[in-house]
Trainee: 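Let me begin by handing over the structure; questions about it come next.
Note that this is a predicted model, so its numbers are computed, not measured. Order of listing sets the numbers, starting from 1, for every ligand and every atom in it.
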Amino acid sequence: MPDSVINLYSDTQTQPSEEMRKAMAYAEVGDEQRGLDPTVIALEEEVAELLGMEAAVFLPSGSMCNQIAVRLHIRPLGDEMYLHRLAHPITAEAGGAATISGAMIMPLEGEGGMFTADALRDRMRDPSDSHEPRSRLVMVEQTTNLGGGRVWPGEEIDEVLAVAKEFGLRTHLDGARLLNAAVASGRPAAAFSAGFETAWIDFSKGLGAPVGACLAGSSELIAEACRYKQMLGGSMRQAGIVAAGARYGLQHNVERLAEDHANASFLAAGLAELPGVKLDPTTVETNIVIFDVPDAKALDRKLVERGVEMSLLEGRVRAVTHLDVDRAGVEKALAAVEEALG
Ligand SMILES: *Cc1c(COP(=O)(O)O)cnc(C)c1O
């Protein structure tokens, strides 16, 4: 087993840099649960501003942002939520939307983890028919994770939001990688998020921080979110230590996401040339590359032997670029795939 691993398993694999660790070590801290941690407060204000919202709350994870948002919007009265089949609350939150919020879930289909406004409209219920669940919440993932890091165009999101308005739906944006979308498209993060009632960003993905995410919305919704945070055991104490890593990531690691995107494009272009690989490199818009090979499991095994980690997804292979893998690393990964397939 080679000792240096090129880890393209996910952008969650980053190690905090020396400078980030210093910022964390010397952060001013207080009792977060009582609203007395100055670093957490500063972070929450920065994120509210960034997303064009009144308020934000620091949470231990993006999954908790989604779960609290679902709980804010869904009433346990047969309310139905609409999201892509591959969206994180369906695939990776242990069924929490059903358990914690009693949500009816309507998975939508669509290419690249995105659905159209028409696909949403087709699923709307008749509110006067007491047989049917009640249409209540629509969720958009920007960028799409298992959909391949795709950026929903602003106009398409606006069309989805227009349907939501027409049918009185609540709206939530899973912005785990919203800043990747902002950097890739040149559209400010707030231009994507401000039309939603709740939105969040993750610090432990491309921003390179070890822990945390921030959920934003109106002051009223975020005050309510704080109650669920406490209920779920998400309130912390001297959380400024971790919030400082998040603030460092926001200050230093946003613009550089463009490098991850360039590395992913480079990887995709190289992979697409290899015999046996099926991939349209024009669909790679940010830092996620998903491709098909005849035997994904066998490829994954051979890559591990060659010191390269990727992940498997419904029989496909997924590689995610991030700040701990440079161009040379991506070149080595590409060579490893070529050798393994050869
Ligand atoms: C990673 C991710 C989450 C969950 O975030 P955690 O901080 O890992 O809990 C939610 N949604 C999407 C799209 C993600 O990529």
Trainee: Between Ser61 and ligand 1, find which residue part has any heavy-atom pair under 4.0 Å and reply side chain, backbone, both or neither.
Mentor: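 Both the backbone and the side chain of Ser61 come within reach of ligand 1.
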
Trainee: Has the side chain of Asp11 got a donor or acceptor atom that lies under 3.5 Å from a matching backbone atom of His322?
Mentor: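 Judged by distance alone, no pair lies under 3.5 Å.
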
Trainee: If you take the nearest heavy atom of each of Gln142, Gln67, Arg177, His88, which one is closest to atom 15 (O) of ligand 1?
Mentor: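 It is Arg177 that holds the nearest heavy atom.
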
Trainee: State the atoms of ligand 1, each with its element, that fall below the 4.0 Å cut-off from a heavy-atom position in Asn145.
Mentor: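 That gives atoms 13 (C), 14 (C), 15 (O) of ligand 1.
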
Trainee: Tell me, please: is Trp200 in heavy-atom contact with ligand 1, that is, under 4.0 Å?
Mentor: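 Heavy atoms of Trp200 do come under 4.0 Å of ligand 1.
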
Trainee: Given Asn145, which partner from the list Lys205, His84, Arg318 fulfils the side chain to side chain donor-acceptor pair (under 3.5 Å) test?
Mentor: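 The single option meeting the side chain to side chain donor-acceptor pair (under 3.5 Å) with Asn145 is Arg318.
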
Trainee: Please state which part of Met64 comes within less than 4.0 Å of ligand 1, counting heavy atoms only: side chain, backbone, both or neither.
Mentor: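 Near ligand 1, Met64 shows nothing, with every heavy atom at 4.0 Å or more.
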
Trainee: Among protein heavy atoms, which lies nearest atom 5 (O) of ligand 1, and at what distance?
Mentor: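 Answer for atom 5 (O) of ligand 1: Asp202 OD2, 3.0 Å.
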
Trainee: Return the closest protein heavy atom for atom 11 (N) of ligand 1 as residue, atom name and distance.
Mentor: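 Atom 11 (N) of ligand 1 sits closest to the protein heavy atom Asp174 OD2, 2.6 Å.
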
Trainee: Considering only heavy atoms of Gly62, which atoms of ligand 1 have at least one such atom less than 4.0 Å away?
Mentor: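 So the answer, numbered in order with elements, is 4 (C), 5 (O), 6 (P), 7 (O), 9 (O).
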
Trainee: Who's the nearest protein heavy-atom neighbour of atom 2 (C) of ligand 1, and how far?
Mentor: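 Ranking protein heavy atoms by distance from atom 2 (C) of ligand 1, first comes Lys205 NZ, 2.3 Å.
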
Trainee: Can the ring centres of Phe115 and Trp152 be said to be less than 6.0 Å apart?
Mentor: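 Yes, the ring of Phe115 comes within the 6.0 Å limit of the ring of Trp152, centre to centre.
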
Trainee: Do Arg150 and Glu156 meet the salt-bridge criterion of a basic N to acidic O distance under 4.0 Å?
Mentor: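 Looking at Arg150 together with Glu156, the answer is no, because their closest N to O distance does not fall below 4.0 Å.
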
Trainee: Where do Val47 and Trp200 land on the side-chain contact (heavy atoms from CB on, under 4.5 Å) test, with the steps shown first?
Mentor: CA-CA 8 Å; Val47 171; Trp200 64 273; over 6 Å; no

Trainee: Which atoms of ligand 1 have any heavy atom of Glu141 under 4.0 Å away?
Mentor: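 Near Glu141, meaning under 4.0 Å from one of its heavy atoms, ligand 1 has 13 (C).
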
Trainee: Between Arg327 and Phe266, is NZ or CZ placed under 6.0 angstrom from the six-membered ring centre and within 45° of the ring axis?
Mentor: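 Flagged: Arg327 positioned over aromatic ring of Phe266.
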
Trainee: Report, as yes or no, whether the 6.0 Å neighbourhood of atom CD on Glu46 holds more than 12 heavy atoms from other residues, nucleotides or ligands.
Mentor: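 Yes.
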
Trainee: Between Asp202 (side chain only) and Ala176 (backbone N and O only), is there a donor and an acceptor less than 3.5 Å apart?
Mentor: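 No, the answer is negative, given that no donor and acceptor are paired below the 3.5 Å cut-off.
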
Trainee: Near Ala176, which atoms of ligand 1 are under 4.0 Å from a heavy atom of that residue?
Mentor: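 Near Ala176, the atoms of ligand 1 are 2 (C), 11 (N), 12 (C), 13 (C), 14 (C), 15 (O).
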
